[in-house]
Protein chains: 2
Amino acid sequence: MATESTDPGSVRPGGRTARVRAAVLRAAGDALAEGGLAHLDLAEVARRAEVGRTTVYRRWGSPTQLVADLLADMAEQSLPRTETGTLLGDLRANARLVRRTLADPRQGALFKAVIAAATCDDQTAAALHRFYEIRVDAWQPCVQQAVERGELPEGTDTREVVRAVSAPLYYRLLTSDAPLDEAAADRAAEATVAAARAGVFTRSAE
Amino acid sequence: MATESTDPGSVRPGGRTARVRAAVLRAAGDALAEGGLAHLDLAEVARRAEVGRTTVYRRWGSPTQLVADLLADMAEQSLPRTETGTLLGDLRANARLVRRTLADPRQGALFKAVIAAATCDDQTAAALHRFYEIRVDAWQPCVQQAVERGELPEGTDTREVVRAVSAPLYYRLLTSDAPLDEAAADRAAEATVAAARAGVFTRSAE
DNA sequence: GCCATAACGGGACTCCCGTTCCATTAGATG
DNA sequence: CATCTAATGGAACGGGAGTCCCGTTATGGC
């Protein structure tokens, strides 16, 4: 048995290997943003990245696994979080950041494609879930502070509050052709604050 | 020019043609629910539907276009809407219906795959948007009634309220591996009511 | 019930995706 | 700087997806 030797890149991750990975991931991101998951062709990615086809097939194997690696890369680049001192201010800043990202032609298309890939493959789904776990954890403290300030009831599920801000924006991105304007972002933040104040996000037991 | 003759099925839509379409769409739904968009193979769909490969390639051409037709078919089957007399009751019924659908292994996987397909192709996206437009329109009246009863402020964007109920459920389905339990559905309904009561969904001007 | 033809279905063909083999390049270690 | 070998990349190969051609079926109109 002995786990199939080792994946390429795990023994000698420096120099060229890292450069190849960076070039391939960038090319994959571009291709995804342009054509979506269905048009993601490993041969074309190799061409764009100026890398041998064989290398791409060997190291990533399938489009969905390539996306999984792309997600792992995206998860490492964390954005700085702004602090305004009030819950509404913090959540609005978050909502506007999410909106700006999703409304950007390249980034928006990329996120759509990445979500699509996660629906096709369990490993990719795991990578996507991890990505959002990290993002939610990064913003969760501002809700925690609101609880400590007395703005929100004790026992509030702080992570669920953060997710409630993003949800309507992603829902609109995927199921509607209406533009993601800043008003939608502000509404998402306000709705979340209203619900959180009403105690909707308190976990009853446990 | 003269629009490339006519699509198959438009001149003689009865009998066999309709039977073929039904068989193919059912097979496509099964295949999508099992393997997701990436594993949707037109040849296999033809085999499952006991239909000639040529027919499937000629009438639908690509996986995404097949999904677009599947969506048009799904949009026609509308679910009956329950009425409880209160806004929270109606929205909770809606939320639980959505949750039950998405939590069902086959239906949930199918919805994921359909959303994935919509991210790859404009026509499929249009079909998906139309599907949700119809669903939202079907539930919008219960919010309208709440406005008329005085439960919600005048000028409330009733459709946006309906969307606010679904959003967190879809967001969880796609970006998390947490189970879609009934508590999540109830929370979505309660959060939406709290926000709507606070006037978050009133459109300022226009 | 009969005819014209829309739509289907089988088989052959082509092309490209994905794999395999091996020579070449360039990290890592001393 | 020399050596070992992980990792890359070119070339050739096999198989299956998608297309084309044409005969067959059965629908809609009279």
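Residue numbers begin at 1 in each chain, while the letters A, B, ... track the order of the sequences. In this text the structure is predicted, and so the values were computed from the model without any measurement.
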Q) Of L40(A), T124(A), D41(A), which meets side chain to side chain contact (heavy atoms under 4.5 Å, CB included) against P63(A)? A) L40(A)
Q. Among dG18(D), dT27(D), dT8(D), which is the nearest nucleotide to the side chain of V20(A)?
A. dT8(D)
Q: To the nearest Å, give me how far apart CZ (R53(A)) and P (dT20(C)) are.
A: 15 Å
Q. What is the distance, rounded to the nearest whole Å, between atom CH2 of W60(A) and atom C1' of dG9(D)?
A. 14 Å
Q: For the side chain of Y57(B), starting at C-beta, report the closest nucleotide among dA17(D), dG11(C), dG27(C).
A: dA17(D)
**Q.** Which residue lies more 5' along DNA chain D, comparing R58(B) with R19(B) via nearest heavy atoms
**A.** R58(B)
Q. Does the distance from a Lys or Arg side-chain N to an Asp or Glu carboxylate O, for D30(B) and R106(B), drop under 4.0 Å?
A. yes
Q: I would like to know whether T156(B) and T158(B) meet side-chain hydrogen bond (donor to acceptor under 3.5 Å, both in side chains); could you show each step before the answer?
A: CA-CA 6 Å; T156(B) 295; T158(B) 55; over 6 Å; no
Q) Are R135(B) and E133(B) within salt-bridge range, i.e. N to O under 4.0 Å? A) no
Q) If an axis is fit to five pairs at each end of the helix from dG1(C)-dC30(D) to dG30(C)-dC1(D), what is the angle between the two, to the nearest 10°? A) 60°
Q) Is any N or O donor-acceptor pair between the side chain of T54(A) and the base of dG10(D) shorter than 3.5 Å? A) yes
Q: Tell me which nucleotide among dC17(C), dG18(D), dC8(C) gets nearest to the side chain of T55(B).
A: dC8(C)
Q.
When you measure only distances, ignoring hydrogens and angles, does the side chain of R16(B) come within 3.5 Å of the base of dT25(D) through a donor and an acceptor?
A. yes
Q. Quick one: which of dA7(C), dA17(D), dC17(C) gets closest to the side chain of T17(B)?
A. dA7(C)
Q: Whole angstrom is fine here: how far is it from CG in L42(B) over to C1' in dT19(D)?
A: 13 Å
Q.
Test of understanding: with side chain to side chain donor-acceptor pair (under 3.5 Å), list the residues that count as partners of Q123(A), not counting sequence neighbours.
A. none
Q: Using atom CZ of R47(A) as one end and atom C1' of dC16(C) as the other, report the distance to the nearest whole Å.
A: 11 Å
**Q.** Gap between atoms CD and C1', on E50(A) and dG10(D) respectively (whole Å)
**A.** 16 Å
Q. How long is the line joining CZ of R59(A) and P of dA6(D), in whole Å?
A. 15 Å
Q | Distance, rounded to the nearest Å, where R21(A) contributes CZ and dT8(D) contributes P | A | 12 Å
(Q) Is there a side-chain contact between R96(A) and T82(A) in this structure, where contact means two heavy atoms from C-beta onward sitting under 4.5 Å apart? (A) no
**Q.** Residues Y132(B) and Y171(A): side-chain donor-acceptor under 3.5 angstrom
**A.** no
